[in-house]
Asker: 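Take a look at this one; I'll ask things after.
Not measured: the values here are computed from a predicted model. Here is how names work: the chains are called A, B, and so on, in the same order as the sequence lines, proteins then strands, and each is numbered from 1.
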Amino acid sequence: MNAQTEVKPRELSYAEAIREAMDIALSTDDRVILMGEDIGVYGGAFQVTGDLVHRHGEDRVIDTPISELGGAGVAVGAAMTGLKPIFEFQFSDFATLAMEQIVNQAAKVRYMLGGAVSVPVVMRMPAGSGTGAAAQHSQSLEAWFGHVPGLKVVQPSTPEDAKGLLLAALEDPDPVLIFEHKLLYKTRGPVPDGPYTTPIGKAAIRREGRDLTIVATSIMVHKALEAAAQLADDGIEAEIIDLRTIRPMDRETVLDSVRRTGRLLCVYEGVKTLGIGAEISAMVAESDAFDYLDAPILRLGGAESPIPYNPALEKAAIPQVPDILDAARSLATGRT
Amino acid sequence: MNAQTEVKPRELSYAEAIREAMDIALSTDDRVILMGEDIGVYGGAFQVTGDLVHRHGEDRVIDTPISELGGAGVAVGAAMTGLKPIFEFQFSDFATLAMEQIVNQAAKVRYMLGGAVSVPVVMRMPAGSGTGAAAQHSQSLEAWFGHVPGLKVVQPSTPEDAKGLLLAALEDPDPVLIFEHKLLYKTRGPVPDGPYTTPIGKAAIRREGRDLTIVATSIMVHKALEAAAQLADDGIEAEIIDLRTIRPMDRETVLDSVRRTGRLLCVYEGVKTLGIGAEISAMVAESDAFDYLDAPILRLGGAESPIPYNPALEKAAIPQVPDILDAARSLATGRT
Amino acid sequence: MPDASADNIPYAIRAYGPDRLRDALRKMHLIRKFEEGAEDSYMRGLIHGTMHLSIGQEASAVGACMALTDADKITSTHRGHGHCVAKGADVERMFAEFFGKETGYCRGRGGSMHIADVEKGNLGANGIVGGGLPIAVGAALSAKRLGTGAVTVCFFGDGANNEGAFHEALNMAAIWTLPVVFVCENNRYGMSTSTERSTAVKSIADRAAAYSMPGASVDGNDFSAVAEAVDTAVTRARDGNGPSLIESLTYRWRGHSKSDRNRYRSKEEISDWMAQDPIPRMARMLVDHGVLTTAEADALDQDAADEIARAIEAARSQTDPNTMDLLRDVYTGDAA
Amino acid sequence: MPDASADNIPYAIRAYGPDRLRDALRKMHLIRKFEEGAEDSYMRGLIHGTMHLSIGQEASAVGACMALTDADKITSTHRGHGHCVAKGADVERMFAEFFGKETGYCRGRGGSMHIADVEKGNLGANGIVGGGLPIAVGAALSAKRLGTGAVTVCFFGDGANNEGAFHEALNMAAIWTLPVVFVCENNRYGMSTSTERSTAVKSIADRAAAYSMPGASVDGNDFSAVAEAVDTAVTRARDGNGPSLIESLTYRWRGHSKSDRNRYRSKEEISDWMAQDPIPRMARMLVDHGVLTTAEADALDQDAADEIARAIEAARSQTDPNTMDLLRDVYTGDAA
Ligand SMILES: Cc1ncc(C[n+]2csc(CCOP(=O)(O)OP(=O)(O)O)c2C)c(N)n1
Ligand SMILES: Cc1ncc(C[n+]2csc(CCOP(=O)(O)OP(=O)(O)O)c2C)c(N)n1
Ligand SMILES: [Mg+2]
Ligand SMILES: [Mg+2]
């Protein structure tokens, strides 16, 4: 369905938008259930499920024991047999306990069975640093899942997309992982009423520009937009692409922009090496857009270290606006 | 120590070379133990540990229950407290059950504790397809671990390196993961006697060439060499780099070669998207070597699908020599 | 436990009519002949990869499925051929899968380790030890929420009982009172590792107490004993009284897989168990209680042999997958 | 279980001399004051991130460490401040860590969730529920192989007992007869989820039977009861008789973390437990048995308050890490 027809000027937080999407799904589709740790009376570690248990009952908003492998596997088995579970990992770091069920089962069972089943499970992954929770509660592991055929992986950066991508994930017959940045939960933005979907596999151009292309993911989109505003003051017009979907990646939107700007900067929070930016860079470098490149493809990613606790170190471990400004300036002023 | 002084012309299989390295370690260092499933009397699923249990006893060659998370965690805890465990995953696919201990604990504990401990654990990962074992026993997941600071990741392609890198891993105070391709276990090659190490973090140029650079990993090194011989007949001289270490990557050897050839092809078995080749490509594209590129950077990786059972499909799912020939020819004959 | 002496009518004779009993014996013969045919085909090079034969365990597979209809589900294991036949699969389509044919249950994508028959309620074998345990609980959660009245029987081995997935799955099944029956086929070894060396409890059934569910240990080579225990557990599950754990004590005559050298058990042990062949035991019981004549029982044996021979011949000549379809069924709707 | 009435000499009075008993009470006060000081510092914005306070659980932490020397190890949890102090840590260095200082136990890299004191045998808190269980077994394996005679006490919560890691760790500790004592601090909730809703067994100690190890459930607010149970288990472990599971029944007065709204438990329940305050109970026992005068007991309280105040003041002014050292200690030898 399409939102445009029914848009009202209304702002919600990113967390509220996700909750609204789940509320719509629970209200309109009996097969939808929520599973996760402390998503019931507690409302979720980040208060995303909030009061849904009171609206839809404990049979549909299910607190699991602290059993990530089993919990995820139960969601996979339920999805194979008629339910549409939305499974919340309390922190995406804990998905390290469930990789077996996500990667060996959910992602592969349809293929291994020659198409005899689908696994319509949605997994929500609160990710990212900035909360002072240190190395085991701050990772950005989306690149791992982007490497796994059979999975779809999205990373909404706005409340509108957080709702639209979750509803799209629920309409999708295959496993979809949604990486939600913890620091975005409280950010607010316009959110259409009622049901609508944001297409999986489609990037969004958040700002147009002729001088360079910045492809960013999740919270980095906002840092890139902040940088772009400052760059404009120096007469540098950066085009900002919000990738939105990690797998399948929107090749055309990225290549088309690079063909126009001839310069590319990738900005992401995950560890730089083998992070999302590596694929974006390689995808461009192997394409015809390579011929349009006027400068090296730059990447700003997370530091080659675990996320430290100390706030100054934690900040230093991921790209910040000044880093984006420096990289963009060096690119824009580079040879043509 | 250095092998050159004591090299004898002697051939071993890749599996025998690994066993010899473990035998040396068990014989010379009391802190070394082996842990894994069926590595004792059974000799390991691929007969790599072989008769070591008879030479060193069940206290040091320890059959674990089928408990990958716990087993890996026991190895991590033992490594933190004085032992040097070599932990064998029966198939690297089963490391999906132990990501928590590998990534949240082994890789991060030293950093999280401000350097108060080291985790000298070695994990052996039989990987790759070609055995008809289908999607859950054929993965090449090394890229995941290459994305994790705190880990070192190596991928020997020859018996000599399989022994040398294992002994280097044992001398290394930090966690080292060794990805061994199952189809290489029976391949034979010269292996120096006695103890020696192959440096972690150093790639090897297996063949010199001026026309293009092919960076390959593991079994793909052999396919690339086979292709290079045929390319030579057409007068195309490919330089073949065996990456050997995934993390930390040998930037200089790759960049230096690309500066000379101006053309780059990456060949790896893991899924193409976000696989090793993505990082190699991005590393070159962001470096000064970019200016030397005369053509797009091409990648040949695994198909965007799980590994199928049917032998013809299985073969079609990973790069083969003809694919390398086609890519290399299109590169070499491309614009300059 | 009932025995087959004439002065004490065994449960199976009391519980089932002659047609079902004849069919059960037929299925046991069919499994035995299927496994022998698969082994022979493997030796003749018709089958790729490896396989795990369940010869000697036929009473366990068939007895456990007596209480199930096609609406009920099972999750199976790497040693799943018997479960698949017991749940009603067509042996020709099974062989077609083994031969990697497009006509196989998994279109040749899965092979022995992923064979499934979703229409008949078999959610599939699994290449991951313990992988099916949480999935079975998920299927039971669906049945309970959707009110289908279906019960799920979860097959797993003694080795699997030491996986964390076992603990998490049984705990969740119990706290949520789900209609699932856990059937542990204890054949005394996980690959080469005996339960004495791997499992810290004498009887695996005793682990049921850790989940406040009934636990029973039965002679897995006694069809009637297995059927009685599982019937009781299935009834309990259907009545909404939750899960049970049944340990079926049996033995695999063949090696773990095609690469097993049987170094970990004695010839005597194997021959003692072969003397406990469940098939003649079943036949004798049926003859003793006048369900069949000896001639009729022998005829079932011969019929099974003929059916398997025909199935192998028919399957061999069927069509192979087209390598152009490599990416088919990675995602739903990717059908070629 | 011993009680504190004068006509029945409690275990602790019989087992320890006055100095150790005085020191135990001192540590209990120190933990309480430490937690209150940490909470106050957090409110004053001196501490980044979140924290998990153990107020109300002091007898469990201190009692469980009575049998341990600095050579013995503990693995702790996210709620680990009490364990750390009980094992002999310096509260000033602990606060320095909370304040993210270079002088902290983790050089400011770990914070509350990773606080460790390796010299004193505390291998660290853990951000992963259940993460310490296999590590503790590994430490015990080292002790057994290296013949150090050390015992490891593994602390974990009721919520952690539903993780697969619990099952795998206890099973391995039992089959290998390792010197480890599993201390489950059952404070009735895993975050918001009560044991009734998460755990399919009445007493967690009953799960010991699944691993053929002794299990005991004790009043975790009774210092003497905890000390007696753990002393017995540690002696058993030191004598080479293997692991034990001890359930320490206690309660956390504060919310799970700083974001908890206590929606899942009643005010009455909390106040009933506060009436069971373990510290006055301990003090009363010592006074009743003439170990201390009331005045001496009160003095320990005041001394603890003063020590904490001094520690906070001293730690606050210490030096912050240099952001140039971000990559330090990712690998051994990376010291700046
Ligand atoms: C997670 C995982 N670990 C290890 C293996 C390798 N493996 C396959 S079957 C097997 C033994 C399983 O033993 P059990 O559960 O008793 O089943 P059985 O083979 O005896 O029928 C092992 C170790 C696997 N497939 N998956
Ligand atoms: C693997 C994992 N899952 C979930 C969490 C989030 N979490 C942190 S503490 C906690 C509750 C733990 O309960 P329990 O083990 O009883 O310890 P307690 O907090 O009661 O001391 C949860 C769910 C985590 N840190 N790690
Ligand atoms: Mg078995
Ligand atoms: Mg608790």
Asker: Could you check which of D:L326, D:T152, D:L178 has the highest count of heavy-atom pairs closer than 4.5 Å to chain B?
Answerer: D:L326
Asker: Does B:K108 reach the main-chain N or O of B:V103 with its side chain, forming a donor-acceptor pair under 3.5 Å?
Answerer: yes
Asker: Name the member of D:L141, D:V137, D:V118, D:I128 that forms the most heavy-atom pairs with chain B at distances under 4.5 Å.
Answerer: D:I128
Asker: Which one of B:M80, B:R60, B:Q105, B:K152 has the most heavy-atom pairs closer than 4.5 Å to chain D?
Answerer: B:Q105
Asker: Under a 4.5 Å heavy-atom cut-off, does chain B meet the side chain of D:D117, its backbone, both or neither?
Answerer: neither
Asker: Considering only heavy atoms from C-beta outward, does the side chain of B:E88 approach that of B:M22 to under 4.5 Å?
Answerer: no
Asker: Using only non-hydrogen atoms and a strict under-4.5 angstrom cutoff, which residues of residues 157-172 of chain D touch chain B?
Answerer: D:A165, D:E168, D:N171, D:M172
Asker: Mind ranking B:L97, B:L83, B:I33 by heavy-atom pairs under 4.5 Å with chain D and telling me who comes out on top?
Answerer: B:L83
Asker: Could you tell me which of D:N126, D:I175, D:L133, D:T148 has the largest number of non-hydrogen atom pairs under 4.5 Å with chain B?
Answerer: D:N126
Asker: Check whether B:D59 gets within reach of chain D through its side chain, its backbone, both or neither, counting any heavy atom under 4.5 Å.
Answerer: both
Asker: Could you tell me whether the side chain of D:R79 and the main chain of D:L53 form a donor-acceptor pair under 3.5 Å?
Answerer: yes
Asker: Side chain from CB out, backbone as N, CA, C, O: work out which of these in D:L146 comes under 4.5 Å of a heavy atom of chain B, or both, or neither.
Answerer: side chain
Asker: Ignoring hydrogens and angles, tell me if any N or O in the side chain of B:R110 forms a donor-acceptor pair with the backbone of B:V117 under 3.5 Å.
Answerer: yes
Asker: At a heavy-atom separation under 4.5 Å, does D:I115 approach chain B through its side chain, its backbone, both, or neither?
Answerer: neither
Asker: Is D:R316 paired with D:E92 through a side-chain N to carboxylate O contact shorter than 4.0 Å?
Answerer: no
Asker: Look at the side chain of D:K73 and the backbone N and O of D:A150, then say whether any donor-acceptor pair between them is shorter than 3.5 Å.
Answerer: no
Asker: So do the side chains of D:F155 and D:I74 get within less than 4.5 Å of each other, counting heavy atoms only?
Answerer: yes
Asker: If you tally heavy-atom pairs under 4.5 Å against chain B, which of D:G124, D:G104, D:G108, D:S142 wins?
Answerer: D:S142
Asker: Between the side chain of B:D161 and the main-chain N/O of B:P156, is any donor-acceptor distance below 3.5 Å?
Answerer: no
Asker: With side-chain contact (heavy atoms from CB on, under 4.5 Å) as the criterion, how do D:N122 and D:S76 come out once you've worked through the C-alpha distance, each side chain's angles and the decisive distance to 0.1 Å?
Answerer: CA-CA 7 Å; D:N122 178 358; D:S76 177; 4.2 Å; yes
Asker: Any salt bridge linking B:D242 with B:R244? Criterion: basic side-chain nitrogen under 4.0 Å from a carboxylate oxygen.
Answerer: no
Asker: Non-hydrogen atoms of chain D under 4.5 Å away: do they reach the side chain of B:D172, the backbone, both or neither?
Answerer: neither
Asker: Run the side-chain hydrogen bond (donor to acceptor under 3.5 Å, both in side chains) test against B:R247 and tell me which residues pass, sequence neighbours left out.
Answerer: A:E304, D:Y331
Asker: Select, from B:V76, B:V109, B:I62, the one with the greatest count of heavy-atom pairs under 4.5 Å involving chain D.
Answerer: B:I62
Asker: I'd like to know which of B:E68, B:R31, B:M35, B:M112 tops the heavy-atom pair count under 4.5 Å against chain D.
Answerer: B:M112
Asker: Closer than 4.0 angstrom, basic N to acidic O: yes or no for D:R238 and D:D72?
Answerer: yes
Asker: Could you check which of B:A116, B:P65, B:G82, B:P149 has the highest count of heavy-atom pairs closer than 4.5 Å to chain D?
Answerer: B:P65
